[in-house]
Structure formats: structure tokens, C-alpha cells
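There's a structure below that I have some questions on.
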There are 2 protein chains.
Amino acid sequence: MEDVRLGLRELKKRQTRDSIAAAALKLTEEKGLSDVTLEEIAREAFVSPRTISNYFSSKEEAVLAAGTIATEQVLEDFSSSPSEVPPLEALCVLMSSYAREHPDRLRKSARMVALEESNPSLRPIRLAQEVELVIDLSGRIATRTGTDLTVDVYPSMVASAAVSAMVTSLTLWYLAGFPEDRLPKLVEDSFNLASAGYPRRTAEPA
Amino acid sequence: MEDVRLGLRELKKRQTRDSIAAAALKLTEEKGLSDVTLEEIAREAFVSPRTISNYFSSKEEAVLAAGTIATEQVLEDFSSSPSEVPPLEALCVLMSSYAREHPDRLRKSARMVALEESNPSLRPIRLAQEVELVIDLSGRIATRTGTDLTVDVYPSMVASAAVSAMVTSLTLWYLAGFPEDRLPKLVEDSFNLASAGYPRRTAEPA
DNA sequence: CCCGATATTTGCTTCTTGAGCAAAGTTCTG
DNA sequence: CAGAACTTTGCTCAAGAAGCAAATATCGGG
């Protein structure tokens, strides 16, 4: 899965990065991000404050880095999957497998979404990261379906739907207390809803 | 439409706010937001820097305020529209009418989206505003359809789809150079795509 | 093993922002 | 017109973001 042959340099860089992110997360959970300074994070992570700036362009980024999942693999899998399958269906399959195989990683991401409640300054940065994903995905969908992104709304709409499906699923999963094995179903429900065109019409009891 | 009977106080407040926003926008277009300081904006708007902070919590907010459209009316119209109509359809009608009736306002908003290209720091703040809208709308959809927001993904998914439809439409409208009368069609296309469940499947020539 | 090349970490400095506070200046109410 | 309510302002301070150069660590070839 991951490169085992990494120089010491690269290895230490990752350690540093991880320990900064972990420190930022820990302190944020303890006292709220707005009461945490770079200096404190630096002490906790055994680096200088200046080093934090080298890795992250804000405290917020550092905190969120602790919950960022590696989406590259999923995106590549998407791009290399057979293009006869409609994009949303392909993404649904990929995402629900991911939910089954890596619930741990997704739980971390979901906690980040949850952290936003108590730490509002996280939201803008997380959303900016989310939109990067939407943009990347839009491009891949455009390529896959031979659509011009700048003229036809299809790729962007599908990409947004897919990303909302994931975020919405993570949010409800978190709200339900991360019940084992429920995430894949939430993901499928969300994607299916989008694929089917939001069919429900009028009020009904739960 | 708007309250004509406003005290002088309220009136001046709006003027101040508007002139700060206008100054921020003008300077940003001239030299890029990162090269503009609060002090400059203050000079341009004939207020003290401290006053800017009273109105906005960042330069970015000030710039974006120049293009923010009043969504309250649309949201209320949505809530008071007959709930037999599926939410996305209702929103489609409301939004495309809005596009027809107030292209000027929407053009301003679209320019803000465009400004993001050259001024990346605007993005997080705009997205945060956008997500507020999604959250508000999710609540209204939940109410309208008698759905529990915290259990069923439907309201959030529909709300995201509606907001992406608008943002995507504005973006493509801008990319096409704001052609007269094309916005309503873009809006309808986007909403219809979502309503129909993104039916296109495989590659095809444009 | 050692050395020069290359990267990373750090400290220092400067600029900017965001926000609390109280004083000065406006508008409002009656 | 007088006192209450609100807005604007200047002052102050804690922090963050980023450039620069020195110190430190790693790398790769001999």
C-alpha cells in the first residue's frame, strides 16, 4: 500500500507533520481551538512555532490534517473504472466499499466534521478542502463522459452530489454515534437518492 | 419591497456598510485582496479601520458583502409554497423566476465566484456562507416533508443539490460571459438534472 | 568513513489582523 | 431640548503569517 523505502528525511517529515497535527487536535479537543496558540501546539509537538508554519498555513489546517483521508486512491480507482457505468453508480460502489474497508479512517473524518460544531473557524478551511475534491472529481467526470465542464452543468452537479452524499453520510453516522456497519448503508442511501432524483414528494410520518 | 421608513441611524449604517464593501471590492479588483490592507480600505471608504472590524470580521467578508444576494425572501417563499410540490421542483421555479427578475443581483454574485480565481482567500469565506444557506434550506425541507434531518439523508441531499444547481449555473453563466437570458435556462437545466437523477451514462461528443 | 550538496528546522523580524475598552460624537425619544 | 441609546473612533495588545539567513540534519558519491 505505502512506500516502505523512504529516506530518513521523508520519514521524519511525516513524523513531524503527524505530531503537529496530533498536538493540534489534542489541544483543540481539550480547550477549543480559539484558546490554543501556535506556541502551545509547538511545545506539545516538540517543534518550533516557525516549523508549524512551514507545514501548515493555519492552525485550522493542522487540526484538520489529523482527519484528512487519502482520497487519491479512490479518485484514481474511479478514473480507471469502466466508463460504461454511470459516474454516480461507480462512485457509490467505490465509496461504500471504502466505508466497509476503512471505517476507522472515515470515523476520523467524521469527527472533524463534528469538531466544527464547537470550533467554527474550522468550517471554512474544511469546506475549502472539500471543494478541491469536488473540482478534481468534476474534471474526472467530464473526461469520463466526454463533457465540456465549462458548458454543461452535468459534471459539476454530479461531483457535488457525490461529495454531499459522503459528507451527509458521515454527519448522520456521527449523529447516530458511529454504529458499526451502518455507514455503508448510509452511503448507499445517499447515492441512490441522488441517482434516483430525490423522488419523495410530500409530508409523511417518519 | 424595502422599508422606506428607516431612521437616519439605520440608513447611515447601511451606507457605511455599503461603502466599506464597495471600497473593498474596488481595491481587490485593482490590486488583489492580499495586497490590500484594512487601512487602505478604510481610507477609500472614509471610515476608521476599527469601524471595518465592527462591520465585518475579515477583509474577505467585506469583499463578499458586495455580492451577497438577499436569500431570505426566496427561502420564505419556499417555506410558504404548497408542500405538495416536491422541494426541488418548487425551488427550481423560485430560482429560475429569481434569475429572470433579478439578473443584476445574480450577476454580482457570479462575479464574486469569479473573483475567487484570482483571490483564493475568498473561497473559504464564501463557502462558509454557502453552507449556512444549505443548512437553513435543509431545515426547511425537513419541515416541509416531515423528515427528521438527523436520521434521514433526504433533506440535506436535496438542499445541497439545490445550492449546487445555483452555484454551478452562476459559474457557467459567468464563463459564458453573462449572456442575456441564458441564466434561467442554466438554472432549469441544473435543477432538472438533479430531479431526474443524473441520467447520462457514457461518453458522447459535445 | 567523510565531504560537499541538498533539505529542514529554527530564531529573528516585520507587517497585519482581530478584538477589548473607554471616550467622543450622533441620532433618537419624548 | 435633555438624557438615553447607539455608532465611531483611537488606543492597546496578543497572535498569526511569512521572508530571510544561520544552524542543523540527511543524502549520495567517492
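Values below: all heavy atoms of this structure, side chains included; hydrogens, waters and symmetry mates excluded. In what follows, every chain begins at residue 1, and chains take the letters A, B, ... in the order their sequences are listed.
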Which whole-number value in Å describes the distance from B/Phe56 CZ to D/dT7 C1'?
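Answer to the nearest Å: 15 Å.
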Please give, in whole Å, the distance from C/dT10 C1' to A/Arg43 CZ?
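So the two atoms are 16 Å apart, to the nearest Å.
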Taking the nucleotide of DNA chain D with the nearest heavy atom to each, does B/Thr16 or A/Lys12 sit closer to the 5' end?
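The 5'-side residue here is B/Thr16.
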B/Lys59 side-chain N/O to C/dT17 phosphate OP1/OP2 under 4.0 Å
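True: B/Lys59 side-chain N/O within range (under 4.0 Å) of C/dT17 OP1/OP2.
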Looking at the side chain of B/Thr37, which of C/dT16, C/dA19, D/dT9 is the nearest nucleotide?
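Of all the options, the side chain of B/Thr37 is nearest to C/dT16.
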What is the distance from CG of A/Leu38 to C1' of C/dT16, rounded to the nearest Å?
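Interatomic distance, CG of A/Leu38 to C1' of C/dT16: 15 Å.
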In this structure, how many angstroms lie between the P atom of C/dT9 and the CZ atom of A/Arg17, rounded?
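Interatomic distance, CZ of A/Arg17 to P of C/dT9: 12 Å.
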Indicate the atoms forming the closest heavy-atom contact of A/Ser190 with B/Val153, along with that distance.
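That would be OG-CG1, 3.4 Å.
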Decide if atom CD of B/Glu10 counts as having more than 12 heavy atoms of other residues, nucleotides or ligands within a radius under 6.0 Å.
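Atom CD in B/Glu10 is crowded, with more than 12 foreign heavy atoms closer than 6.0 Å.
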Answer yes or no: does a side-chain N or O of B/Lys13 lie under 4.0 Å from OP1 or OP2 of D/dT7?
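For D/dT7, OP1/OP2 do have a side-chain N/O of B/Lys13 under 4.0 Å.
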Could you tell me whether B/Tyr55 contacts a base, only the sugar-phosphate backbone, or nothing, with contacts defined as non-hydrogen atoms closer than 4.0 Å?
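It contacts sugar-phosphate atoms only.
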Donor-acceptor pair under 3.5 Å, A/Arg50 side chain vs C/dT10 base
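Not at all, since no donor on one side and acceptor on the other fall under 3.5 Å apart.
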Over how many whole Å does the gap from B/Asn54 atom CG to C/dG18 atom P extend?
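Going from CG in B/Asn54 over to P in C/dG18 covers 12 Å.
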Please tell me if B/Thr51 has a side-chain N or O lying less than 4.0 Å from either OP1 or OP2 of D/dT9.
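True: B/Thr51 side-chain N/O within range (under 4.0 Å) of D/dT9 OP1/OP2.
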Separation of B/Arg14 atom CZ from D/dC6 atom C1', in whole Å?
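Atom CZ in B/Arg14 sits about 17 Å away from atom C1' in D/dC6.
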B/Leu8 side-chain proximity, nearest of D/dT9, C/dC28, D/dA17
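Among D/dT9, C/dC28, D/dA17, the one nearest the side chain of B/Leu8 is C/dC28.
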As a quick check of understanding, evaluate side chain to side chain contact (heavy atoms under 4.5 Å, CB included) for B/Glu116 and B/Arg111, giving each step before the final call.
CA-CA 9 Å; B/Glu116 275 178 29; B/Arg111 290 215 182 142; over 6 Å; no
Is a donor-acceptor contact shorter than 3.5 angstrom present between the side chain of B/Arg9 and the base of D/dT7?
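No such pair is found, so the answer is no.
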Do B/Thr171 and B/Thr168 have a side chain donor and acceptor closer than 3.5 Å?
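Their side chains do not contain a donor-acceptor pair, so the 3.5 Å distance test is not met.
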